[in-house]
Amino acid sequence: MIRVAILVGSKGRGSNMAALASACRSGSIDAETALVISPKAGTKAVLRAEALEVPVKVLHHKSESYADDLLSALAEAEIDLICLAGYMTLLPAAVVHAYEDRILNIHPALLPKFGGKGMYGMHVHEAVIAAGESESGCSVHFVNEVYDDGALLHQKRCPIEPGETPESLAEKVLDLEHLAYVEAVQIMAARLA
Ligand code: GAR
């Protein structure tokens, strides 16, 4: 059973975190959500984690000791795999190096298209529609020191229908994200077992 830490952002709904934590809890994947780390207390994601009885730690991104605090928290919880879920800032390089090939992110588009700095949340779906794409989806990829740049692990696709809006696309893609992230963590659980 691998031990997973989920890092959420301050504005996230926490839906990917909740999908992963629920899959761990129901035993449908061989993983345990050992820790959720949030930059802020009381966010939607934190409340959802608490409701799922997952331990939560609040660590501020902007604190000088952030990299060290994060490394200590991950070591203390004996984490095997880190999952970013709505975490919108770059991870400190020391953490990326310490957990090489053990950090995943989910992105709401088919990378390598529609990734990079500024491409997050609804901005991504607006860009996909504006580009006249016929399909979109989500990508789970390994994290390095550049936004949305690491190797792909898993993707799921959906067609873009006539009259599709960024909002309707976001909804469809979010449903795919929950499935894709759970499958990706199971792939990693098998690899790391
Ligand atoms: C998700 O759609 C995720 O793909 C996106 O933030 C949302 C978080 O939602 N991440 C990015 O855009 C990263 N570049 P959630 O808080 O409900 O999981």
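In what follows, residues are counted from 1 in the order of the sequence shown. What you are looking at is a predicted structure, and each value in this text was computed from that prediction instead of being measured. Note that ligands are numbered from 1 as they come in the structure, with each ligand's atoms numbered from 1 the same way.
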query = Near E64 CD, under 6.0 Å, is it more than 12 heavy atoms from other residues, nucleotides or ligands?
reply =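 For E64, atom CD is not crowded (no more than 12 foreign heavy atoms under 6.0 Å).
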request  = State whether the number of non-hydrogen atoms from other residues, nucleotides or ligands found under 6.0 Å of K40 atom NZ is greater than 12.
outcome  =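 No, NZ of K40 has 12 or fewer neighbouring heavy atoms, counting only those of other groups under 6.0 Å.
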query = With respect to S139, which candidate in Q155, R157, H107 satisfies the side chain to side chain donor-acceptor pair (under 3.5 Å) definition?
reply =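 Considering Q155, R157, H107, a side chain to side chain donor-acceptor pair (under 3.5 Å) with S139 is found only for Q155.
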Looking only at protein heavy atoms, which one is nearest to [atom], and what is the separation?
atom	answer
atom 8 (C) of ligand 1	G86 CA, 3.6 Å
atom 9 (O) of ligand 1	R13 NH2, 2.9 Å
atom 16 (O) of ligand 1	G14 N, 2.8 Å
atom 11 (C) of ligand 1	P108 CD, 3.6 Å
atom 6 (O) of ligand 1	M88 CE, 3.3 Å

key: Passing option when H178 is tested against L174, L176, V182 for side-chain contact (heavy atoms from CB on, under 4.5 Å)   =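 Per the side-chain contact (heavy atoms from CB on, under 4.5 Å) rule, the option paired with H178 is L174, out of L174, L176, V182.
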query = Can you list every pair that meets ring-ring contact (aromatic ring centres under 6.0 Å, His included) and has a residue in residues 121-149, with sequence neighbours left out?
reply =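 Checked against ring-ring contact (aromatic ring centres under 6.0 Å, His included) - neighbours excluded - the pairs reaching residues 121-149 are Y120-H123.
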task = List for me each residue that meets salt bridge (Lys or Arg N to Asp or Glu O under 4.0 Å) alongside K113, sequence neighbours excluded, and say none if there are none.
result =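 Testing K113 for salt bridge (Lys or Arg N to Asp or Glu O under 4.0 Å), a comparison that skips the adjacent residues, returns E133.
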Atoms of ligand 1, numbered as shown, that sit under 4.0 Å from any heavy atom of [X]:
X	value
Y120	12 (O), 14 (N)
H107	4 (O), 13 (C), 14 (N)
G121	12 (O)
S15	15 (P), 16 (O), 17 (O), 18 (O)

Any non-hydrogen atom of [X] lying under 4.0 Å from ligand 1?
X	result
I106	yes
K44	no
M119	yes
A45	no

request  = Kindly work out whether a path of hydrophobic side-chain contacts (I/L/V/M/F/W/Y, heavy atoms less than 4.5 Å apart) joins M119 to Y87.
outcome  =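 Different clusters: M119 never reaches Y87 through Ile, Leu, Val, Met, Phe, Trp or Tyr contacts under 4.5 Å.
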ask   = Which bit of E177 gets closer than 4.0 Å to ligand 1, counting heavy atoms only: side chain, backbone, both or neither?
value =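 Only the side chain of E177 comes within reach of ligand 1.
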query = Regarding E76 and S72, is there a side-chain donor-to-acceptor distance under 3.5 Å anywhere?
reply =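 No, no side-chain donor-acceptor pair sits under 3.5 Å.
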ask   = If you take all heavy atoms of Y99 and L71, which pair is closest and at what distance?
value =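 Closest pair (atom of Y99, atom of L71, distance): CE1-CD2, 4.0 Å.
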